[in-house]
Amino acid sequence: MNGNDLILQGSERLKTGGIENARREAIFILSSLFDCEPTGCYLIDQIPESILDKFDQILERRINGEPLQLILGEWEFYGRPIILRKGVFVPRRETEGLVDIVLERARKKPESEGLEVCLLYT
């Protein structure tokens, strides 16, 4: 089985499980397992059995409702990788827009101050 075959198989399974962006998520899962760019997944000639097993486990977790970002343990936010684990808010694209607004206002008024509050649960 090659990368394209696994993406097709995984996306079909995710779609059947009710996942909205099934193909995109299948690509992200495979790219995380191979530690490659998402577009590189299509160039994978042979998938080792160990990767097939991990891919299957991740699909099952995702279908059971676990957020993909937490499963992968890392997600990009505002161009930077953010390490995630249970109890951490999952970065959202909408929040990047909020950061843009704050940065724009801070540039207009450099003397302004701000505070970010972050809670860490262990």
Side-chain angles (χ1 to χ4, degrees):
M1 178 175 292
N2 63 33
N4 189 54
D5 294 337
L6 192 57
I7 290 167
L8 291 173
Q9 182 183 28
S11 60
E12 189 57 40
R13 191 163 157 212
L14 288 169
K15 189 187 301 182
T16 302
I19 304 301
E20 200 171 299
N21 297 309
R23 185 177 185 84
R24 180 174 176 260
E25 291 200 15
I27 293 168
F28 278 134
I29 293 167
L30 188 57
S31 71
S32 75
L33 291 172
F34 273 93
D35 194 25
C36 67
E37 292 295 317
T39 53
C41 293
Y42 294 99
L43 303 174
I44 301 168
D45 290 330
Q46 187 65 35
I47 310 285
E49 192 66 37
S50 61
I51 297 288
L52 290 173
D53 291 340
K54 289 177 186 176
F55 189 81
D56 188 55
Q57 291 168 9
I58 292 173
L59 290 180
E60 199 58 40
R61 289 172 64 186
R62 184 65 187 108
I63 290 167
N64 286 325
E66 196 171 340
L68 180 64
Q69 297 89 337
L70 291 179
I71 295 170
L72 300 181
E74 183 178 286
W75 202 252
E76 189 174 297
F77 178 75
Y78 214 76
R80 294 173 176 84
I82 304 293
I83 296 171
L84 302 171
R85 62 175 185 233
K86 235 179 192 172
V88 174
F89 286 114
V90 174
R92 296 175 56 182
R93 204 157 288 291
E94 297 85 5
T95 311
E96 289 186 9
L98 181 60
V99 170
D100 288 332
I101 292 168
V102 170
L103 289 175
E104 182 182 326
R105 288 185 181 183
R107 283 186 200 104
K108 289 179 182 176
K109 194 173 178 185
E111 69 280 356
S112 44
E113 295 180 19
L115 173 68
E116 180 193 335
V117 177
C118 177
L119 302 175
L120 178 63
Y121 296 97
T122 57

Item to check | Salt bridge present between R13 and E60 (N-O < 4.0 angstrom) | outcome: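 Yes.
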Item to check | side-chain contact (heavy atoms from CB on, under 4.5 Å) between L103 and R107, intermediate numbers included | outcome: CA-CA 6 Å; L103 289 175; R107 283 186 200 104; 4.0 Å; yes
Is the count of non-hydrogen atoms from other residues, nucleotides or ligands lying under 6.0 Å from [X] atom [atom1] greater than 12?
| X | atom1 | value |
| --- | --- | --- |
| E20 | CD | no |
| D35 | CG | no |
| I83 | CD1 | no |

How long is the gap from [atom1] on [X] to [atom2] on [Y], to the nearest 0.5 Å?
| X | Y | atom1 | atom2 | value |
| --- | --- | --- | --- | --- |
| E12 | R23 | CD | CZ | 11.0 Å |
| Q46 | L6 | CD | CG | 11.0 Å |
| K109 | R105 | NZ | CZ | 10.5 Å |
| I44 | N2 | CD1 | CG | 9.0 Å |
| L33 | D53 | CG | CG | 11.0 Å |
| K54 | I47 | NZ | CD1 | 12.5 Å |

Is [Y] reachable from [X] through a run of hydrophobic residues whose side-chain heavy atoms are each under 4.5 Å from the next?
| X | Y | result |
| --- | --- | --- |
| V99 | V102 | no |
| I58 | L8 | no |
| I7 | L43 | no |
| L52 | L30 | yes |

For residues [X] and [Y], report the shortest heavy-atom separation together with the two atoms involved.
| X | Y | answer |
| --- | --- | --- |
| G40 | C36 | C-SG, 4.2 Å |
| L72 | S32 | CD2-OG, 3.2 Å |
| Q69 | L84 | CB-CD1, 3.5 Å |
| G10 | L59 | CA-CD1, 3.9 Å |
| A26 | S11 | CB-N, 3.7 Å |
| R62 | P67 | NH1-CA, 4.2 Å |

Checklist entry - Does the side-chain contact (heavy atoms from CB on, under 4.5 Å) test come out yes or no for T95 and Y78, once each step is laid out? => result CA-CA 9 Å; T95 311; Y78 214 76; over 6 Å; no
Item to check | Qualifying ring pair (Phe, Tyr, Trp, His ring centres under 6.0 Å) pairs with a residue from residues 6-40, counting only residues at least two apart or across chains | outcome: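 Matches after skipping sequence neighbours: F28-W75.
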